[in-house]
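Contents: one structure, followed by commentary.
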Amino acid sequence: MFSAIQGEGANVGCRQIFIRLAGCDLRCTYCDSAHTWFVPAHALIEAQAGDRHFQTVPNPVTAAHILEAVQQLNTPSIHDSISLTGGEPLLHAATLALFLPLLKAHSSLPLYLETGGHHPEALEQILPYLDSVGMDIKLPSVSGECHWSAHEAFLRLCDRAPVEVFCKVIISQTTDPADLDCLSALVASVNPHIPVFLQPVTPVGTGRCTPPPTPEQLLRWQAQLKAQLTQVRVVPQTHKYLGQR
């Protein structure tokens, strides 16, 4: 748990309290957070917002401890929302379904879910407690993952619910334009007005050499998506440039 500036999607630049849940069932080739794939013996909880001094607490952390940490991190009240991130938070949907009502009662901050968007059944368990959802759509040519049908079911649930939803899509020089056609068709079939954020892979401080797209590719691919979608924005992963992860 920590306080930081959101670096992606519609909340870019906003101050958030991050509750990062461990464990992920995906293995995206560009992942810069492989440390979240497995559950460690201890959790790290920032003592004061932004000071990067962490307490070490045995896992699993109790609900009472998390609620206390949220209050401590949001003193003074400088945050715009709480980010439930990972790893893949929806692997813990049953636990979140019990915990999120307590969090909503304890804090007035909106709850924002950051997810791979491939577990629609798990989403249904916690959707009533969420205010916004940032859904990653995995392009097979970039991520090595392929979950089109699950992505569509997930996005339909979000569009029907009283939550704000947007899609984030990592792109690189290896992006197959056919994947972008699938992406635009999927989103347009649900709601062509759902915002889509194209995020050029940002190899800053990761040690990885996945090549980012060229300016020409970005312009061409944005135009390709806007043939069916109304809101397509190109935003780099700014937290990497700011030295935050």
How about Glu145: does its CD atom have over 12 heavy atoms from other parts shown lying under 6.0 Å from it?
->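 Atom CD in Glu145 is crowded, with more than 12 foreign heavy atoms closer than 6.0 Å.
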Could you tell me whether the side chain of [Y] reaches within less than 4.5 Å of the side chain of [X], counting heavy atoms only?
| X | Y | result |
| --- | --- | --- |
| Gln231 | Phe166 | no |
| Ile82 | Pro110 | no |
| His65 | Ile45 | yes |

If I compare all heavy atoms of [X] with all of [Y], which pair ends up nearest, and what's the gap?
| X | Y | result |
| --- | --- | --- |
| Lys168 | Asp136 | CE-OD1, 3.0 Å |
| Val169 | Ile137 | CG1-O, 3.9 Å |
| Val165 | Pro195 | O-CD, 3.6 Å |
| Ile126 | Leu130 | O-CG, 3.5 Å |

Could you walk me through whether Glu88 and Thr115 pass the side-chain hydrogen bond (donor to acceptor under 3.5 Å, both in side chains) test, one step at a time?
-> CA-CA 6 Å; Glu88 175 48 65; Thr115 172; 2.9 Å; yes
Indicate the ring-plane relationship of His118 and His147, choosing parallel, tilted or perpendicular according to the 30° and 60° boundaries.
->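 Tilted.
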What class does the angle between the rings of Phe2 and Phe18 fall in, given that below 30° is parallel, 30 to 60° is tilted and above 60° is perpendicular?
->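 Parallel.
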Salt-bridge criterion met for Arg156 and Glu152 (N-O under 4.0 Å) =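 Yes, Arg156 and Glu152 are salt-bridged.
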Salt bridge Asp131-Lys104, side-chain N to carboxylate O under 4.0 Å =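 A salt bridge links Asp131 with Lys104.
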Verdict with supporting geometry, Ser172 and Tyr30, side-chain contact (heavy atoms from CB on, under 4.5 Å) = CA-CA 9 Å; Ser172 73; Tyr30 52 74; over 6 Å; no
Carefully, step by step, assess Glu46 and Ser3 under the rule side-chain contact (heavy atoms from CB on, under 4.5 Å).
-> CA-CA 8 Å; Glu46 193 174 33; Ser3 169; 3.7 Å; yes
Quick check: does any side chain N or O of Arg20 sit under 3.5 Å from a backbone N or O of Thr85, one acting as donor and the other as acceptor?
->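 Not confirmed, Arg20 side chain does not pair with Thr85 backbone.
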Report the C-alpha separation of Gln199 and Val234 in whole Å, then their side-chain angles, then the decisive distance to 0.1 Å, and conclude whether the side-chain contact (heavy atoms from CB on, under 4.5 Å) test is met.
-> CA-CA 6 Å; Gln199 298 186 168; Val234 177; over 6 Å; no
Quick one: is the NZ or CZ of Arg27 closer than 6.0 Å to the six-membered ring centre of Phe38, and within 45° of its axis?
->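 Yes.
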Among Thr175, Asp179, Asp176, side-chain hydrogen bond (donor to acceptor under 3.5 Å, both in side chains) partner for Ser141 |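 So the option named by the test is Asp179.
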